[in-house]
J.: 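The structure follows.
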Amino acid sequence: MHIPDGFLDPKIWVGASALSAGALAAAVSNTRKVLEDRQVPALGVMAAFIFAAQMINFPVAGGTSGHLLGGALAAILLGPWSAGLILTTVLVIQMLFFYDGGLTALGANVLNMAVIAPWVAYGTYRLVGGLFKGNAGRTAATFLAAWLSVMAAALACSLEIAFSGTVPLAVVLPAMLGWHALIGIGEGLITVVVVSFVSRLWGLEQSGQKSFAGGEQL
Amino acid sequence: MNRKNLIWGLLVALAIAAFLSPFASPSPDGLERVAEDKGFLHLAEGKELIHALMPDYVFPGIASEGLATSLAGLVGTLLVFGAMYLVSRVFVRPKGNAGKGRS
């Protein structure tokens with residue numbers, strides 16, 4: 001869902017960049033409060049894993065593919081603020097070295113994938129995780145959080161493209177949500193598998209426990 | 001959570017980038033597919049504002065496409081790890097704020 005240069009008009013990409021910059025400043029200041037020295041390498045490893053996983057496009061339906069976004073994965077394991085920093089780093093490296101996502105669209109891409117996706121995932125995970133206890137509840141919450149995070153990012157992406165006057169909302173929205181409803185299933189499955197594996201490794205069995213990144217409550 | 005787990009995590013990421021990336025689906029992703037279907041993909045053509053070193057995740061100057069993708073994946077994974085580590089050290093846990101027990 002990396003938006004290239006050329007899809008967004010200046011008012012949209014400047015606006016999205018301003019929102020992203022504000023969210024990032026808040027992420028740095030909030031992460032600073034909770035992150036401990038020994039946890040710094042974990043952010044690097046999570047970013048590296050998400051970058052690697054994003055390279056693996058899986059086929060979804062007749063000539064289309066999807067790949068993990070990782071916003072839900074990072075938000076559930078490390079909290080939404082750390083997730084924002086991680087996804088932003090991944091997006092910047094992808095833009096600079098691989099031409100995945102445009103320079104003018106960076107702010108919009110950060111907003112969709114590093115801010116909206118992790119926060120939607122985090123909110124869903126807390127809400128649904130609080131409703132049901134036990135392993136099944138945790139799995140359902142994780143899957144739904146991941147699926148919704150992809151749908152929310154696709155919705156935001158559609159709005160940005162439509163309000164740029166590139167293509168009408170009635171055309172882009174159903175198409176984007178349709179494809180990403182399928183891609184989101186892949187996101188959900190990968191996130192469930194990785195979260196359950198890493199949680200066991202870290203000894204985070206209950207959804208009420210503190211996340212690894214310190215004070216960010218899950 | 002300890003250093004051993006972190007090293008394993010990084011190795012897993014590197015292995016995914018090196019060994020799985022050549023098998024990734026070459027089909028367009030969701031947004032690209034929509035742009036193609038709805039006829040606005042051409043708006044992105046020739047609009048690149050910066051010259052990327054490894055466009056489309058292909059390491060330059062390598063004849064084998066699979067190997068070029070693997071190399072781009074390895075370099076990218078290490079770059080992302082390094083950049084994230086640096087960003088965390090400089091902006092999140094700068095010296096003076098770092099406290100004791102650096103690991």
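In the text below, chain A, chain B and the rest are named by the order of the sequence lines, each starting its count at 1. Given the structure is predicted, the values throughout are model-derived calculations rather than measurements.
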J.: Quick check on A/Leu96 against chain B: is it the side chain, the backbone, both or neither that has a heavy atom closer than 4.5 Å?
T.: both

J.: Considering only heavy atoms and a distance below 4.5 Å, find which of B/Leu53, B/Thr77, B/Leu86, B/Leu78 pairs most often with chain A.
T.: B/Thr77

J.: Looking at every non-hydrogen atom in both residues, tell me the closest pair between A/Arg32 and B/Arg93 and how far apart they are.
T.: O-NH1, 3.7 Å

J.: Nearest 0.5 angstrom please: B/Met54 CE to A/Asp100 CG, how far?
T.: 12.5 Å

J.: To the nearest 0.5 angstrom, please state how far the CG atom of B/Asn5 sits from the CG atom of A/Leu201.
T.: 4.0 Å

J.: Between A/Met1, A/Gln54, A/His67, who has the most heavy-atom pairs with chain B when the cutoff is under 4.5 Å?
T.: A/Met1

J.: Do B/Arg89 and A/Asp37 have side chains that approach each other closer than 4.5 Å (heavy atoms only, starting at C-beta)?
T.: yes

J.: Looking at B/Ala17, B/Ala15, B/Ser88, B/Pro28, which has the largest count of heavy-atom pairs under 4.5 Å with chain A?
T.: B/Pro28

J.: Would you confirm whether A/Ser65, through its side chain, and B/Ser27, through its main-chain N or O, come within 3.5 Å as a donor-acceptor pair?
T.: yes

J.: Please state whether the side chain, the backbone, both or neither of A/Phe58 comes within less than 4.5 Å of a heavy atom of chain B.
T.: backbone

J.: For A/Lys33, give me all partners under salt bridge (charged side-chain N to carboxylate O under 4.0 Å, His left out), at least two apart in sequence or on another chain.
T.: none

J.: Pick from B/Glu45, B/His42, B/His51, B/Lys38: which one has the most heavy-atom pairs with chain A under 4.5 Å?
T.: B/Lys38

J.: Who among A/Val171, A/Thr64, A/Val90, A/Ile56 has the most heavy-atom pairs with chain B under 4.5 Å?
T.: A/Thr64

J.: Looking at B/Leu43, B/Asp37, B/Ile7, which one has more heavy-atom pairs under 4.5 Å with chain A than the rest?
T.: B/Leu43

J.: How long is the span from the CH2 atom in A/Trp179 to the CG atom in B/Leu31, to the nearest 0.5 Å?
T.: 13.0 Å

J.: Please rank A/Pro59, A/Gly63, A/Ala175 by heavy-atom pairs under 4.5 Å with chain B and give me the top one.
T.: A/Gly63

J.: Side chain, backbone, both or neither: which part of A/Ile3 has an atom under 4.5 Å from a heavy atom of chain B?
T.: both

J.: What part of B/Leu41 lies closer than 4.5 angstrom to a heavy atom of chain A: side chain, backbone, both or neither?
T.: both

J.: Under a 4.5 Å heavy-atom cut-off, does chain B meet the side chain of A/Val45, its backbone, both or neither?
T.: both

J.: How many angstroms lie between atom CZ of B/Arg33 and atom CD1 of A/Ile183, to the nearest 0.5 angstrom?
T.: 10.5 Å

J.: Using the side chain to side chain contact (heavy atoms under 4.5 Å, CB included) criterion, which residues pair with B/Phe91? Sequence neighbours excluded.
T.: A/Val28, B/Val87

J.: From B/Glu32 CD over to A/His2 NE2, what is the distance, rounded to the nearest 0.5 angstrom?
T.: 11.5 Å

J.: Can you give me the closest heavy-atom contact between A/Ala48 and B/Phe81, atom names plus distance?
T.: CB-CB, 4.0 Å

J.: Chain A heavy atoms under 4.5 Å from B/Ala18: which part of the residue, side chain, backbone, both or neither?
T.: neither

J.: Can you tell me how far CE of B/Met84 sits from CE of A/Met46, rounded to the nearest 0.5 angstrom?
T.: 11.5 Å

J.: Where do B/Gly73 and A/Met55 come nearest, in terms of heavy atoms and distance?
T.: CA-SD, 3.4 Å

J.: For A/Phe51, is it the side chain, the backbone, both, or neither that has a heavy atom closer than 4.5 Å to a heavy atom of chain B?
T.: side chain

J.: Using non-hydrogen atoms only, which part of A/Leu182 is less than 4.5 Å away from chain B: side chain, backbone, both, or neither?
T.: neither

J.: Give the ring-plane orientation class for A/Phe98 versus B/Tyr57, where under 30° counts as parallel, over 60° as perpendicular and anything between as tilted.
T.: parallel

